[in-house]
Amino acid sequence: MSGLSGTTWYNEERLPYEGFGTSLAKSTSPEQDFPQWWPAALSRILFLLELPENWDSYGAKKINQQIAYHAAQILLEITRPGIPEPSIVPTVRGNLQFEWHTKGIDLEFEVKSSVLISVSFEDAVTGDEWEKDLDYNLIPLEDVIRQLVSRT
Amino acid sequence: MPELEYQDDESIPDDSLLLRRILSDPNIHIVWDDNLGCWRPSSAAFDNDRNGNPMSVVLSVELVRLNRSMESALRGHKDGYSLASVTAGFTRNLSQIQKIVKDPTPEEPAHGLVAGKKTQSVRRNLAKNSQWIVEPDLPKP
């Protein structure tokens, strides 16, 4: 799939988030290849944006629209061909978290702001395990995504 | 209350359970773990509250004392929730010190708190080592 126009994820009735997909599309290269699960991922982010306050019954915050936007941007930035579909989960602080638990790897990252994400990585095959806060430098995250994609 | 003011309650045995409500919707806090071959709670479900206050749990040791079932931890929240557990001992031995205290409330006399920093890896370890008490009824993806 190339570009966001013509995809079915965008629902005109979701007016509060009308600009979300459009501005995200503008931030991407027209040549960028999107994974097959990308429309579903965006639909899911829009779904999570509609959760009310206290959606977990423990007092969780509503998902922050700016955070959701940055999260989608980061997901696009690190996406490469063959990357499995992530689980996308809300956090109590109103942030979004992406998770992969496959091929012996547990990879999770929470988008906390436009310049801060917390990454946790565990590889049952190599025994490698770490957690890091990343700012503008997403290379450690891109490296483990590469491992995830290349592992059969 | 600042974290430092909490003292771990040693009357809560290591083999007792800390129970946590989890929304049964797989679109929220339940993820498919291909490595474990099962649905399990996301690490995001084992966190301190939105303001950083300690994580709420129901204490199995208190449920037993009150002659209540484990499933009764869901009372008032039954529809749409599953119930996950971790042992007190496992929680105490995580990389960041976690203190477990009793915190009875009018709504839940068996209420407790898990105080301590919940880093991403602490949350992931809690989630990966949790066991279902009330399992969500979800098909394999």
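Being a predicted model, the structure only gives us computed values, none of them experimental. Just so it is clear: chains get the letters A, B, ... in the order the sequence lines come, proteins before strands, and each one is counted from 1.
Heavy-atom pairs under 4.5 Å with chain A were tallied for M55(B), Q120(B), H29(B); the largest tally goes to Q120(B). Looking only at heavy-atom pairs under 4.5 Å with chain A, the residue among R21(B), R40(B), R123(B) that has the most is R21(B). Interface check for chain B: of the options E131(A), R93(A), K103(A), Q97(A), the most heavy-atom pairs under 4.5 Å are formed by E131(A). Ranked by heavy-atom pairs under 4.5 Å with chain A, the first of P26(B), A45(B), A44(B) is A44(B). If you tally non-hydrogen atom pairs under 4.5 Å between each of P90(A), A124(A), G94(A), S118(A) and chain B, the highest count goes to P90(A).
For E99(A), the part sitting under 4.5 Å from any heavy atom of chain B is the side chain, from C-beta outward, and nothing else. Interface residue E110(A): backbone and side-chain heavy atoms are both found under 4.5 Å from chain B. Heavy atoms closer than 4.5 Å to chain B are found nowhere in W100(A), neither backbone nor side chain. For D33(B), the parts lying near chain A are the backbone and the side chain together; criterion is any non-hydrogen pair under 4.5 Å. Heavy atoms closer than 4.5 Å to chain A are found in both the backbone and the side chain of I28(B). Interface residue D106(A): backbone and side-chain heavy atoms are both found under 4.5 Å from chain B.
Q98(B) and K117(B) are not linked by any side-chain donor-acceptor pair at a separation below 3.5 angstrom, with hydrogens and angles left out of the test. N95(A) and K112(A) form no side-chain donor-acceptor contact under 3.5 Å, judged by distance and modelled atom types alone. Counted by atom type alone, S16(B) and S60(B) present zero donor-acceptor pairs between their side chains at under 3.5 Å.
Annotation: side chain of V31(B) is in contact with side chain of H101(A) (closest heavy-atom distance under 4.5 Å).
The environment of L116(A) atom CG is dense: over 12 non-hydrogen atoms of other residues, nucleotides or ligands sit within 6.0 angstrom. Atom CG of N51(B) sits in a crowded spot, with more than 12 heavy atoms from other residues, nucleotides or ligands closer than 6.0 Å.
Here the closest non-hydrogen pair linking L134(A) and P140(A) is CD2-CG, 3.9 Å.
Comment: K61(A) does not engage E53(A) in a salt bridge, judged by the lack of any side-chain N to carboxylate O separation of less than 4.0 angstrom.
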